[in-house]
Amino acid sequence: MSDERKPVFLVIGAGAGIGGHAAARFAREGYHAVLARRSDEEGLQRLVAQIEDAGGSASGTLLNASDDGTIEELVERVEANIGPITCALYNLGAQIGNRTLDNTPHGAFELGWRLGCFGLFRLAHVLMPKMVARGQGTLLVTSATAAVRGNTGQHSHAAAMGGRRMLCQTLNAEFAPQGVHVAHVVVDGSVDAPDTLGKLLGDKFEAYKASKGEDGVIDPAALAETYWSLAQQPRNCWTHEIDVRPWTDVPWWNDNPIVAIDRD
């Protein structure tokens with residue numbers, strides 16, 4: 001096959017929130033969206049069907065990204081059988097819960113690192129040479145507040161996401177001159193995502209969103225527009241890091257102000 005096939009948008013971590021909406025956004029523009037997620041075949045095929053029903057092209061696969069070789073095999077299979085991966089989104093979370101240090105076993109800490117940092121390294125390791133050979137490509141990386149601020153009970157998550165951020169910077173330093181754009185997106189707020197926050201909160205999810213007020217929770221469809229915009233930037237104006245949050249949220253660097261400073 002030649003690379004006259006449809007360009008591919010690969011999503012690793014394709015839930016019904018950010019990943020699924022990003023896949024749908026790129027599919028609307030003529031990409032074939034490949035959605036990969038760890039579990040829930042039924043939910044995965046539902047996302048694929050929604051894209052196809054809207055006139056787009058998509059396929060889905062289950063993938064345990066923490067297993068050695070799985071990401072590499074997926075990239076090789078997609079490039080061989082579907083088309084060139086023009087843009088990829090690494091959207092895997094690395095949250096293992098709020099744990100004190102003595103309640104964070106070595107295995108749990110390592111799992112956060114495998115999902116948060118090592119998986120991205122493996123994706124870049126197999127995908128970057130292909131993008132460099134084509135002279136172009138975009139790697140989008142969903143990140144979190146923990147990438148820039150560690151918090152109580154977040155030893156694994158903060159270490160993993162901080163590593164993710166630094167890895168994005170080193171990838172940019174090496175591959176931007178070779179035509180590949182890497183964008184690290186700090187999602188500094190709650191996302192209306194039924195597969196993640198929705199599962200965490202359960203029957204309290206709707207009440208939580210209501211408590212945030214109108215437009216107080218990030219709409220994953222709106223965030224997908226940000227991802228699409230990043231992928232279209234000319235190289236003379238590339239964004240390498242961006243943070244997004246609802247208008248009601250206070251930025252992470254100013255969310256615990258000292259009251260005395262603000263007094264008249």
Side-chain angles (χ1 to χ4, degrees), residues 5-96 111-112 114-116 118-120 122-123 126-127 138-144 185 187 190-202 205 217-228 231:
R5 298 166 292 169
K6 278 191 173 186
V8 171
F9 178 59
L10 171 64
V11 184
I12 296 182
I18 295 172
H21 282 84
R25 181 66 181 88
F26 277 74
R28 290 210 312 268
E29 302 295 337
Y31 283 73
H32 178 91
V34 175
L35 295 84
R37 61 191 290 175
R38 184 180 62 84
S39 60
D40 188 7
E41 175 76 25
E42 182 179 348
L44 176 64
Q45 294 308 320
R46 186 163 53 247
L47 292 176
V48 170
Q50 288 171 356
I51 291 172
E52 293 178 335
D53 289 346
S57 174
S59 56
T61 184
L62 294 182
L63 172 82
N64 189 342
S66 65
D67 288 347
D68 292 339
T70 53
I71 293 174
E72 295 81 354
E73 187 277 332
L74 174 61
V75 169
E76 297 292 357
R77 173 160 45 93
V78 169
E79 289 264 343
N81 299 329
I82 300 178
I85 301 172
T86 303
C87 183
L89 169 59
Y90 193 80
N91 189 57
L92 283 183
Q95 180 60 265
I96 65 166
L111 177 60
R114 280 187 168 274
L115 295 173
F118 188 44
L120 175 59
R122 289 168 49 205
L123 175 62
V126 67
L127 184 57
T138 302
L139 176 58
L140 304 171
V141 182
T142 302
S143 194
V185 183
V187 181
S190 303
V191 180
D192 188 358
D195 289 346
T196 51
L197 186 60
K199 284 186 177 180
L200 177 67
L201 295 178
F205 187 39
V217 175
I218 294 172
D219 178 359
L223 185 53
E225 295 294 337
T226 297
Y227 286 135
W228 172 250

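Please read these numbers as outputs of a predicted model, since none were measured by experiment.
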>> As an exercise, state the distance from CG of Leu123 to CD of Glu72, rounded to the nearest 0.5 Å.
In response: 8.5 Å
> For the atom pair CG (Asn91) and CG (Leu10), what is the distance rounded to the nearest 0.5 Å?
Replying inline: 11.0 Å
> Using 30° and 60° as the class limits, which term best fits the ring planes of Phe9 and Phe26: parallel, tilted or perpendicular?
Replying inline: parallel
> With the threshold set at 4.0 Å, does a side-chain nitrogen-carboxylate oxygen contact exist between Asp53 and Arg46?
Replying inline: no
>> Nearest 0.5 Å, please: how far is OG1 in Thr70 from CG in Leu62?
In response: 12.0 Å
> Of all heavy-atom pairs between Leu44 and Gly60, which one has the smallest distance, and what is that distance?
Replying inline: CD2-C, 3.7 Å
> What's the verdict on side-chain contact (heavy atoms from CB on, under 4.5 Å) for Glu79 and Ile85, showing C-alpha distance, side-chain angles and the deciding distance?
Replying inline: CA-CA 7 Å; Glu79 289 264 343; Ile85 301 172; 3.6 Å; yes
>> Test side-chain contact (heavy atoms from CB on, under 4.5 Å) on Leu223 and Thr226; report intermediate values, then the result.
In response: CA-CA 5 Å; Leu223 185 53; Thr226 297; 4.2 Å; yes
> Is Arg28 salt-bridged to Glu225, going by a charged N under 4.0 Å from an acidic O?
Replying inline: yes
>> What verdict does the side-chain contact (heavy atoms from CB on, under 4.5 Å) test give for Glu29 and Trp228, after you've listed the backbone C-alpha separation in whole Å, the side-chain angles of each residue and the deciding distance to 0.1 Å?
In response: CA-CA 9 Å; Glu29 302 295 337; Trp228 172 250; 3.3 Å; yes
> Rounded to the nearest 0.5 Å, how far apart are CG of Asp68 and CD of Glu73?
Replying inline: 13.5 Å
> Mind checking whether Asp219 and Asp192 have side chains closer than 4.5 Å, heavy atoms only?
Replying inline: no
>> Restricting to non-hydrogen atoms, name the atom on Gly15 and the atom on Leu47 that form the minimum distance, rounded to 0.1 Å.
In response: O-CD1, 3.4 Å
>> Treating Arg37 as the side-chain partner and Ala16 as the backbone partner, does any N or O pair qualify as donor plus acceptor under 3.5 Å?
In response: no
> Of the non-hydrogen atoms in Cys87 and Ala231, which two are nearest, and what is the gap between them?
Replying inline: SG-CB, 4.2 Å
> About how many Å separate CG of Leu139 and CG of Leu120, when rounded to the nearest 0.5 Å?
Replying inline: 6.0 Å
> At their closest point, which heavy atom of Arg77 faces which heavy atom of Thr61, and how far apart are they?
Replying inline: NH2-OG1, 3.9 Å
> Can you name the nearest heavy-atom pair linking Ala58 to Val48, along with the distance?
Replying inline: O-CG1, 3.7 Å
>> Just so I know, are the side chains of Ile51 and Leu35 near enough to count as touching, which here means a heavy-atom distance under 4.5 Å?
In response: yes
> Looking only at heavy atoms, what is the nearest atom pair of Val217 and Ser190, with distance?
Replying inline: CG1-O, 3.4 Å
> Can you tell me how far the CD1 atom of Ile96 sits from the CG atom of Leu115, to the nearest 0.5 Å?
Replying inline: 10.0 Å
